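Below is one structure, written out as structure tokens; the observations come after it.
Within every chain, numbering begins at 1; the chains are lettered A, B, ... in the order of the sequence lines, protein sequences first and strands thereafter. Computed from a prediction, not measured in an experiment: that's the story for all the values here. The figures here come from the full heavy-atom set of this structure, side chains too, leaving out hydrogens, waters and symmetry mates.
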Amino acid sequence: MLLDAVIKELDLEIRYSSDALGKPISGVYISDLLSDVIANAEAGNLWLTLQVHPNIIAVASLKELAGIILVNGRQPDPETLKKAEEEQVPLLSSRLPTFELAGRLYLMMRRC
Amino acid sequence: MIEDKRVARVQELIYEMKVEQVMTKNVITVGSQSMMSELRDLLRTKRISGVPVVDSGKLVGLVSIEDFIRCLAEGRINSQVADNMSSQVMTLNTDDPLTRAVEEFDCSGYGRFPVINRASGKLEGVITKGDIIRGLLKKIEIDYHEEEIHRYRASHFFEDILADETTLIFKYSVVGKDFNRAGGTSSELKKTLKRLGMLPGITRRVAIATYEAEINIVSYTDGGEITARVTPQEIKIEAVDNGPGIPDIRKAMEPGFSTAPEWIRDLGFGAGMGLNNIQKCADVMKLKSTVEKGTRLVIIVYLNERIKRAP
């Protein structure tokens, strides 16, 4: 599944998009604990979180994640946006709560 | 350990690689107006079990050996391909990732898919499970070759330096309580190691361990220093601070144990997994701490995979 398709289907707001939008995502990881993401997310994962501070970009870039979706209509700090551009990490936002997003993503990924 | 990494690489590859990179390109096709009797020779001489049916570049169907047998049994050997082919054909696109192809093979049970150019709608090739396996093996071989060259370059860098012993030292100061800048040291070190030509796996492990060490300094102290010493054999990270110290190191190493205050937890830090993450990434980890004096953490990652991890 490509990040592009996820953005369209979930109607995500693009806060920063790198040229990596056409890349396929390897899975989804959901956590608000950064160390947990570092320990358990896999490269290419799409990450759902409610954290909006600049360190989420550091974690995403460290783990080479496909992008970040901020849940529940959360908006990134200005510093976070700047870092996303610097590190070329796609940063998206959705009005939907985590449960809803997770459910939809799960169905999208299981679709054969 | 090594086997796990290989599997992970294959998983990565099926997401990275496109169908067109592994498909068979020069496909034998028939027109829908061809006779089934012509098909017999084609199937026999080329030893294939199915042929895409193409009219002026566009795929209109697929005719298989089963279709041929049915047609033979019904005594209609002189009918046209159009009357015997299946016209509802599942296809893949040239730019689909391999993972989609693997899924379709799994779900449908078919043995082959015609591959279409999304823009022009024209038939570009055919893909089978065998094509996927061959394509992956070839790519892994190329990757391995590149890794060898890479390894050569990294060691070459040190070979160019004439000395009995060589150590490159990178120093970073970490500011306490400033979460906006936290992560800066590990990201700079990661870029530096990349430029030195270190293997991606090594670089990743060092960067993750350094990140966690950095976050600890930011969270619990007024600042500290991180030093990376790179030799041809190993990367040694030292994270030193004059902070409050850790009263019970054994307890601090327990997964989930944390003394982080509420405001740090609200930021998503302080989950009590930092030291465990460091240990997972390090070949050697030494942690010394004196209450009210400070903490000194040493992490070693060996550059040569053949040196076994310390028990």
Side-chain angles (χ1 to χ4, degrees), chain A residues 1-5 20 22-27 30-66 68 70-71 74 76-83 86-89 108-112, chain B residues 8-9 11-12 14-18 95-100 103-108 178-187 190-191 200 203-204 206-212 214-216 218-219 255-256 258 260 264-281:
Chain A
M1 194 166 56
L2 304 181
L3 192 48
D4 258 349
K23 274 197 175 169
I25 62 171
S26 61
I30 304 180
S31 177
D32 298 322
L33 296 174
L34 307 201
S35 278
D36 174 48
V37 177
I38 286 180
N40 299 316
E42 280 164 23
N45 277 183
L46 187 58
W47 176 24
L48 273 60
T49 182
L50 49 74
Q51 302 290 356
V52 294
H53 56 80
N55 244 269
I56 57 173
I57 305 297
V59 170
S61 140
L62 206 60
K63 293 292 287 187
E64 284 148 26
L65 301 181
I68 305 173
L70 305 177
V71 302
R74 294 245 184 173
D77 294 347
E79 186 67 19
T80 309
L81 212 50
K82 216 178 95 195
K83 282 246 168 74
E86 272 171 31
E87 299 286 331
Q88 305 249 305
V89 174
M108 281 173 80
M109 302 211 61
R110 285 289 166 273
R111 200 182 295 154
C112 263
Chain B
R9 184 63 189 134
Q11 280 164 346
E12 243 174 78
I14 64 167
Y15 286 103
E16 272 171 26
M17 289 176 70
K18 305 277 185 232
D95 59 354
D96 281 332
L98 273 194
T99 168
R100 163 128 204 262
E103 269 167 28
E104 297 293 359
F105 277 120
D106 264 3
C107 298
S108 68
D178 183 352
F179 279 99
N180 280 339
R181 284 162 67 185
T185 293
S186 47
S187 118
K190 186 180 181 185
K191 280 173 196 153
T203 306
R204 212 174 298 142
V206 171
I208 290 174
T210 308
Y211 178 85
E212 293 287 9
E214 189 182 357
I215 292 299
N216 283 347
V218 174
S219 301
S258 175
I264 286 179
R265 288 172 192 251
D266 283 346
L267 290 172
F269 299 103
M273 296 173 64
L275 292 176
N276 293 102
N277 282 349
I278 293 174
Q279 198 165 40
K280 269 190 236 162
C281 294

Identify whether the distance between the nearest side-chain nitrogen and carboxylate oxygen of Arg181(B) and Glu79(A) falls below 4.0 Å.
-> no
Using a strict 4.0 Å threshold on nitrogen-to-oxygen distance, state whether Glu64(A) and Lys190(B) make a salt bridge.
-> yes
Give, for atom [atom1] of [X] and atom [atom2] of [Y], the distance between the pair rounded to the nearest 0.5 Å.
| X | Y | atom1 | atom2 | answer |
| --- | --- | --- | --- | --- |
| Asn180(B) | Lys83(A) | CG | NZ | 6.5 Å |
| His53(A) | Phe269(B) | NE2 | CZ | 4.5 Å |
| Leu62(A) | Thr210(B) | CG | OG1 | 9.0 Å |

Option in Leu50(A), Asn55(A), Val59(A) with maximal non-hydrogen atom pairs under 4.5 Å from chain B = Asn55(A)
Comparing Thr49(A), Ile25(A), Asp32(A), Leu33(A) against chain B, the one with the most heavy-atom pairs below 4.5 Å turns out to be Leu33(A)
Any donor-acceptor pair under 3.5 Å linking the side chain of Gln51(A) with the backbone of Asp266(B)?
-> yes
For chain B, which residues from residues 35-45 of chain A have at least one heavy atom closer than 4.5 Å to it?
-> Ser35(A), Asp36(A), Ile38(A), Ala39(A), Asn40(A)
Please look at Arg100(B) and chain A and tell me whether the side chain, the backbone, both or neither of the residue comes under 4.5 angstrom of a heavy atom of that chain.
-> neither
When the 4.5 angstrom heavy-atom criterion is applied to Ile215(B) and chain A, the contacting part is side chain
